[in-house]
Protein chains: 2
Amino acid sequence: MNASISPADGPFPSPGHDHSHCVETAIARAERLCAERGARLTGLRRQVLELVWQSHGPIGAYDLLDRLRGLRSGAAPPTIYRALDFLIEQGLVHRIARLNAFVGCDHPGAPHQGQFLICTACGSSAELVEPEIAGAIDRGAAALGFRVDTRTVEVTGLCPRCQSR
Amino acid sequence: MNASISPADGPFPSPGHDHSHCVETAIARAERLCAERGARLTGLRRQVLELVWQSHGPIGAYDLLDRLRGLRSGAAPPTIYRALDFLIEQGLVHRIARLNAFVGCDHPGAPHQGQFLICTACGSSAELVEPEIAGAIDRGAAALGFRVDTRTVEVTGLCPRCQSR
DNA sequence: GCTCATATGTTATAATGTAACGCCCATGAA
DNA sequence: TTCATGGGCGTTACATTATAACATATGAGC
Ligand SMILES: [Zn+2]
Ligand SMILES: [Zn+2]
Ligand SMILES: [Zn+2]
Ligand SMILES: [Zn+2]
């Protein structure tokens, strides 16, 4: 068995990895971070975060809503969007603009903006943390006198597994 | 008067610049490029391209549609989206995912993907062409064995003019 | 218990994007 | 000339994504 493979076994984890362990770890980190900050990770918000993590890739708000309805019968779009707003504010979830979809942050706690590699074959994504990308962006912006606030970097292509098929 | 200021007077042009000249130049370049390629820049497609350029910043599909209806009474969403699909295929227009909006390409002809600086104060945008950004992305992707297809780079912040207010 | 702020439930609607079908017209083969 | 072909576009309907507005509940602190 491979249940001992940690969630840190790579940004594009092998398909047989113990994903439930990833979910548990993410929830535990989220609870610790929110406790430290005095942010209220309520039952609903934790459920939504779990659903985000249970998906093996970026997931849309309405897909999340369908799954949440298995847990909370009355859930409606604002239910999901408000929970996602909180999770994004706390840096626990990122939104991928190109996909209109949401994904759990691999590096919560460290302030950063998401940089994503998105496989167009299998739909998986990986979060990149490359200061060089941000640096190159900042230099290009500075050359035009632009003051940078947020950086969206979303790259499509083929993940290692899908290249070899 | 400042009608002699060319569209090349900077990615964030002064507000009083002769924008109609930008539009004309863009249309002329588009006609030349499409003729070279055997692509059909029809009346509708040219009208949509003009409307995109007439906007001083990224513009949404439904805003374009409203304006197009002043020229073509029967226009409907597919009218706009089909024209935009063509213009994007031809590299004459870029889509900005964060904004769900469209903007004319400053560098048509040279194959590239858009990198954008978006001012959150005035709504203007500027296209960046920085091979270093693409290079940094490609290196980060290569380190994970990811094969890059497209790169979306969208930066928000303040343009020079809006910083000094 | 009371009060206030925050979180959530609920209904309706806005904003963005596509599917599907048919007509027209330019082109070229029969 | 006639007819098939294909692209471009009109048209209707619908799908998807997101938010506004207001009511209710919850929970901490007084
Ligand atoms: Zn992250
Ligand atoms: Zn893949
Ligand atoms: Zn461009
Ligand atoms: Zn500005």
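We find that CD1 of B/I80 is positioned 13 Å from P of C/dT16, with the value rounded to whole Å. Computed from coordinates, the A/F86 CZ to C/dA7 P distance equals 8 Å when rounded to whole Å. The distance between atom CZ of B/R98 and atom C1' of C/dT16, rounded to the nearest whole Å, is 17 Å.
Of all the residues in residues 150-157 of chain A, not one reaches under 4.0 Å from DNA chain C with any non-hydrogen atom.
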Start with the C-alpha gap between A/L33 and A/L92, add the side-chain angles, then the distance that decides, and say whether side-chain contact (heavy atoms from CB on, under 4.5 Å) holds. CA-CA 9 Å; A/L33 280 170; A/L92 300 170; 4.1 Å; yes

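Under a cut-off of 6.0 angstrom, the local environment of CD in A/Q163 is crowded, with over 12 non-hydrogen atoms contributed by other residues, nucleotides or ligands. The neighbour count for B/E132 CD, taken as heavy atoms of other residues, nucleotides or ligands under 6.0 Å away, does not exceed 12.
Here CZ of B/F146 is found 9.5 Å from SG of A/C162. Values are rounded to the nearest 0.5 Å.
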Reading 5' to 3' through nucleotides 9-19 of chain D, protein heavy-atom contacts under 4.0 Å coded B for base, S for sugar-phosphate only, - for none: BBBB----BBB

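Using cut-offs of 30° and 60° for the angle between ring planes, the B/H94 and B/F116 rings count as perpendicular.
A donor-acceptor contact closer than 3.5 angstrom links the side chains of A/T150 and B/R98.
With B/F102 as reference, B/L84 is the one residue of B/L84, B/I96, B/D63, B/L87 to meet the side chain to side chain contact (heavy atoms under 4.5 Å, CB included) rule.
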